[in-house]
Amino acid sequence: MPELETLPEVKAALPPDEPEFQQKEMLLNIGPAHPAMHGIIRIQTKLEGELVVESDVEIGYLHRAFEKSCEESTWNQAIIYTDRLNYVSAPINNIGYCLAVEKLLGIELPPRGQYIRTLLCEIARISDHLTCVGASAMELGGFTVFLYMIKGREYLWELIEEYCGARVTTMTSRVGGMPYDLPEGWLDKCTWVVKEIREILNECDILLTNNRIFVERMENIGVMSAERAIAWGWTGPCLRGSGVAYDVRKDFPYLVYDQLDWEVPIGRRGDNLDRYLVRMEEMEQSCRIIEQCVAKIPGGPVNCDNKKVVLPDKKDTYGNIEGLMNHFKLIMYGHGIRVPEGEVYFPVEGGNGELGYYIVSHPDEHSKDGCNDRAWRVRCRPPCLPMVAGLHEMINNYMIADIVPTFGSVNMIGGELDR
């Protein structure tokens, strides 16, 4: 093939010292308006052709003041704000916060309450992973997978709705217990939903895992070594995809996780494909946990026996003076729960990794008991922030087309990331 020649009129227009063909770096902003950036992320990229040679990930387009809102609210009022962290798996946020406050109070739920919390956490985890994998597949053209997985998420959210009346902003927990016991027939439906989820996962596994297009877009892309992942503070499926078997449920057990039989899946290469495979296997492990909880859940109360913390039943509130006064003190009188001085950090395993709450309670010098009705300081450790902080390492020296699947594998959730 003959070499391309510059047109005479173009050559004549070039300055004498200008080369005929130039290669310049181009600066390109991806987001925040790009649909894959969720409206709150901007990636500033420097490109050589379609190769990303340098990038800078900028957050800060969604400030909700979560922590300050919690500090201005009573202990139970703050639970509604935790819903808005990872809004795809809100029950985990609720339960993690309640566990932190309960640690300050030195109380623990009875076994049935702990089993219910474990069930809700695993239902929320599966819905989180279904959303992540389904959306990532859709962004690579696999729209059928997205529809199948959202169908599965719908089954799970129907379970949550039957329990608490809400689907997204759930408020499924209270300090000291659960708002309700399980409705009749709920555990049977839970077993049916697990069966449906397994069928959906099998269908999506056939559609994706051996799909040549999907694998070539994911394999050896966005690689993060175990050493670098630890250095960035990664946790959750992304860290486990890099080969580190760290899971809060195993390493720092809470609720009833240490009484159940389940495994922690890990990857080998730390690429997008490993993160996808880890999430797929984690959903199977969550199904195992749910089945064991359904089989083992005991009877009994779902709240701790502490009238200074737990609201009385409606029948007691409306039926006897003791229940009415208890309700009045906790709600109407404005004191609410009284938490003594102290500070605590409590981590749980969220959909994206270690979700931790650091809470400080200062004494109230104006109160008779010295306790306070709200936190002096609330700090949340958002699981997906370290992954987004290290995102530039995952997209540099890859093609611009690799940014979207890599960003999708991180599963950035705006409310959790940027508070």
Side-chain angles (χ1 to χ4, degrees), residues 28-43 45 47 49-52 55 57 86 88-89 126-154 197 199-224 234 236-238 240-242 265 267-284 351-352 384 387-388 390-414 417:
L28 180 68
N29 281 314
I30 302 173
H34 191 287
M37 299 297 115
H38 300 222
I40 54 171
I41 293 287
R42 179 174 69 155
I43 303 178
T45 61
L47 307 176
E50 294 193 16
L51 182 70
V52 180
S55 62
V57 181
N86 187 338
V88 189
S89 51
I126 298 174
S127 69
D128 194 284
H129 287 356
L130 286 173
T131 307
C132 171
V133 175
S136 297
M138 177 185 65
E139 288 168 348
L140 294 179
F143 193 66
T144 301
V145 174
F146 176 75
L147 294 177
Y148 285 6
M149 291 198 164
I150 294 303
K151 179 181 74 171
R153 190 184 74 175
E154 191 69 16
I197 293 296
E199 290 183 5
I200 290 169
L201 292 177
N202 183 56
E203 289 173 333
C204 294
D205 181 61
I206 293 170
L207 286 169
L208 288 182
T209 308
N210 294 313
N211 183 302
R212 180 177 174 181
I213 297 173
F214 180 79
V215 171
E216 288 185 357
R217 291 294 304 273
M218 301 287 278
E219 192 172 21
N220 296 320
I221 304 295
V223 177
M224 179 68 77
W234 282 21
C238 290
R240 293 190 284 273
S242 294
R268 293 175 299 164
R269 296 179 297 268
D271 58 6
N272 291 341
L273 187 62
D274 272 353
R275 288 186 280 275
Y276 154 75
L277 293 171
V278 164
R279 284 192 173 93
M280 290 290 282
E281 180 58 29
E282 282 192 8
M283 285 188 273
E284 168 57 30
N352 286 326
C384 68
M387 276 80 84
V388 175
L391 181 63
H392 64 282
E393 286 192 15
M394 302 165 66
I395 61 178
N396 288 351
N397 301 315
Y398 292 97
M399 306 299 284
I400 191 171
D402 297 327
I403 292 177
V404 168
T406 302
F407 185 69
S409 75
V410 167
N411 192 32
M412 187 281 301
I413 303 293
L417 168 76

- [ ] Assess whether side-chain contact (heavy atoms from CB on, under 4.5 Å) is satisfied between Leu51 and Met399, documenting all intermediate values.
- [x] CA-CA 5 Å; Leu51 182 70; Met399 306 299 284; 4.3 Å; yes
Task: Trace of the side-chain contact (heavy atoms from CB on, under 4.5 Å) decision for Asn397 with Val52 - done: CA-CA 5 Å; Asn397 301 315; Val52 180; over 6 Å; no
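- The side-chain heavy atoms of Ile43 and His34, taken from C-beta on, include no pair separated by under 4.5 Å.
- Not counting sequence neighbours, Arg217 has no partner by the side chain to side chain donor-acceptor pair (under 3.5 Å) test.
- Put simply, the side chain of Ile30 reaches to within 4.5 Å of the side chain of Ile400, judged on heavy atoms.
- For the atom pair Thr131 OG1 and Phe146 CZ, the distance stands at 8.0 Å (nearest 0.5 Å).
- Remark: Cys204 SG to Met149 CE distance equals 4.0 Å, nearest 0.5 Å.
- Looking at heavy atoms from C-beta onward, Asp271 lies in side-chain contact with Val223 at the 4.5 angstrom threshold.
- Atom CG of Asn202 sits about 9.5 Å away from atom OG1 of Thr209, to the nearest 0.5 Å.
- Checked by atom type and distance alone, the side chain of Asn272 never pairs as donor or acceptor with a backbone atom of Ser409 at under 3.5 Å.
- Looking at every heavy atom in both residues, Ser136 comes nearest to Gly408 through OG-O, 3.3 Å.
- Here the straight-line distance linking atom CG of Leu130 with atom NZ of Lys151 works out to 11.5 Å at 0.5 Å rounding.
- Within a 6.0 Å sphere centred on CG of Leu28, other residues, nucleotides and ligands contribute more than 12 heavy atoms.
- Proximity of Asn352 to Asp128: side-chain heavy atoms (C-beta onward) are separated by under 4.5 Å at one or more points.
- Between Ile403 atom CD1 and Asn396 atom CG the span is 9.0 Å, to the nearest 0.5 Å.
- In terms of heavy-atom proximity, Ile200 sits nearest to Tyr148 at CG2-O, 3.6 Å.
- Between the CG atom in Leu201 and the CD atom in Glu281 there is a gap of 10.0 Å [rounded to 0.5 Å].
- With a 4.5 Å cut-off on side-chain heavy atoms, Thr45 and Ser55 count as touching.
- Considering only heavy atoms from C-beta on, Ile197 stays 4.5 Å or farther from Met283 through its side chain.
- Within a 6.0 Å sphere centred on OH of Tyr398, other residues, nucleotides and ligands contribute more than 12 heavy atoms.
- A donor-acceptor contact shorter than 3.5 Å is absent between the side chain of Asn411 and the backbone of His129.
- When all heavy atoms are compared, the tightest approach of Pro32 to Met37 is O-CB, 4.3 Å.
- A donor-acceptor pair under 3.5 Å links the side-chain atoms of Arg275 to the main chain of Gly270, judged by distance alone.
- Residue Glu50 places its CD atom among 12 or fewer non-hydrogen atoms of other residues, nucleotides or ligands, all under 6.0 Å distant.
- Heavy atoms only, all atoms of each residue included: Ala401 and Pro405 are closest at O-CD, 3.3 Å.
- In this structure, Ser127 and Arg153 approach most closely via the heavy-atom pair CB-CG, 3.7 Å.
- Under the 4.5 Å side-chain criterion, counting only non-hydrogen atoms from C-beta, Val145 is not in contact with Phe214.
- Sorted by first then second residue, the salt bridge (Lys or Arg N to Asp or Glu O under 4.0 Å) pairs that include residues 394-407, not counting sequence neighbours, number zero.
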Open item on the list: Applying side-chain contact (heavy atoms from CB on, under 4.5 Å) to Met412 and Leu391, what does each step give before you reach the verdict?
Closed with: CA-CA 10 Å; Met412 187 281 301; Leu391 181 63; over 6 Å; no
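- A heavy-atom distance below 4.5 Å is found between the side chains of Leu277 and Asp274.
- Here the shortest heavy-atom pairing between Met387 and Trp234 reads CA-NE1, 3.3 Å.
- Checked by atom type and distance alone, the side chain of Ser242 pairs as donor or acceptor with a backbone atom of Met224 at under 3.5 Å.
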